[in-house]
Amino acid sequence: MKKISITIISIYQVFFSTLFKILLGNSKFCRFEETCSDYTKRAIKEKGFVKGIYLGLIRILKCQPYYKGPLYRQEII
Amino acid sequence: MDGLKSIFGGLGSVFNFILNPFILIFVNLLIACYFVFATLNVPSPLGFAVIAVTIIIRVATYPLVAKQLKYSKKMQELAPHITNIKNMHKGDAKRIQEETMKLHKEHGINPLGGCLPTLIQLPVLFGLYSVLNSVVNLAPTAQIAYVNSHVLPFLKISQPLDTMFFGLPLGKSPSQLMGTLGIVIILIPVVTAFFQYIQAKMMFAPIPGGEKKKDAAPDFATTFQSQSAIIFPLLIGFSSFTFPIGLSLYWNAFTIFGIIQQYKIMGLGGMEPIWRKIKK
């Protein structure tokens, strides 16, 4: 499950994310130092599938101006 | 299996729920533009309506896109400074963040609010695609039914729309026209790929002063990403060979506007070395 999910995220990063960037003509629109997909990959590696996906979803919810926390790469607790 | 099916069904209806308002707006805009051009006796009104709608949408989203492009430009300029900070305070993430924030403040950069302004462009893209695909592609009676089920009362049509654009049927794809028009029609995919390449090349500007990872052997992902400015334009060019010409018209208008906007805000970007070579 861990490996499958990480592979799926990697495919998204290489193919779909790049495709979206090219279609929209914009290469940088992430507010975080480490993108959500990289973060989720790392979280799955360190904490396992369920917790990793959960942390990834929480991270995506922080992609809005009302989240005032740190934007740099952090240890996953 | 049923569970999976209902998940996909659910996703589909969420997608439609987001897309439908955009589709309604776009059909109305398109028909309104069509009427304006038709009353002005402009030849090939549908083709010009497609271009006009694309430009209207691009102008409407201009501030949104401009903000993001300005942000990327400033970040590109600051990249060497940030690398410096990172090297100076290695391992101290908090200190790096503080110093980076300070640098941002000095240069008047606010961190981006979020990715929503960018993501909102995707339904715009797919919405216009879906509208044009139906309007241009449907048989006359189905086309009238489609348009009339979407537009305001005063925009209803009784005649099918004229889908010719300077002698080219907007509903046919280059692959279908190969037989009658011959090899000339290949120009459409070539032009589409060309503009897409320029935009992609401008976008993926090399980071000034950015360090390159020398020790890491290039894996598939990094190779693919560095080649994506060529791979994706080719892919889009190939697909435009099988798409209706009306869609290629929309897509090229969209890309050209994007190129101009990018040039105005960010300059030539990654195209600069190539441009200098051409000028010589």
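Keep in mind the model is a prediction, meaning the values are calculated, not measured. In what follows, chains are A, B, ... by sequence order, proteins preceding strands, each numbered from 1.
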Quick one: pull up [atom1] in [X] and [atom2] in [Y] and give me the separation to the nearest 0.5 Å.
{"X": "Gln199(B)", "Y": "Met202(B)", "atom1": "CD", "atom2": "CE", "result": "8.0 Å"}
{"X": "Thr18(A)", "Y": "Gln227(B)", "atom1": "OG1", "atom2": "CD", "result": "12.5 Å"}
{"X": "Ile58(A)", "Y": "Ile53(A)", "atom1": "CD1", "atom2": "CD1", "result": "12.5 Å"}

> Given the options Val124(B), Val65(B), Ile231(B), Leu122(B), which has more heavy-atom pairs under 4.5 Å with chain A than any of the others?
Replying inline: Leu122(B)

> Centre of Phe257(B)'s six-membered ring, under 6.0 Å away, within 45 degrees of the axis: is that where NZ or CZ of Arg58(B) sits?
Replying inline: no

>> Is Ile60(A) in contact with chain B via its backbone, its side chain, both, or neither, using a 4.5 Å heavy-atom distance?
In response: neither

>> Please check: side-chain N/O of Ser130(B) versus main-chain N/O of Phe126(B), any donor-acceptor pairing under 3.5 Å?
In response: no

> Is a side-chain donor or acceptor of Ser5(A) paired with a backbone partner of Lys2(A) at a separation under 3.5 angstrom?
Replying inline: yes

> Looking only at heavy atoms, what is the nearest atom pair of Gly127(B) and Phe26(B), with distance?
Replying inline: C-CD1, 3.7 Å

>> Need one label for Leu235(B): side chain, backbone, both or neither, based on atoms under 4.5 Å from any heavy atom in chain A.
In response: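 Contact with chain A: side chain only.
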
> Which bit of Gln196(B) comes within less than 4.5 Å of chain A, counting heavy atoms only: side chain, backbone, both or neither?
Replying inline: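 Side chain only.
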
> Do any of residues 245-255 of chain B have a heavy atom less than 4.5 Å from a heavy atom of chain A, and if so, which, in residue order?
Replying inline: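 Against chain A, the residues of residues 245-255 of chain B that fall inside the cut-off (heavy atoms, under 4.5 Å) are Trp251(B), Phe254(B).
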
>> The criterion is ring-ring contact (aromatic ring centres under 6.0 Å, His included); which residues satisfy it with Phe15(A), sequence neighbours excluded?
In response: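 Applying ring-ring contact (aromatic ring centres under 6.0 Å, His included) to Phe15(A) gives Phe232(B).
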
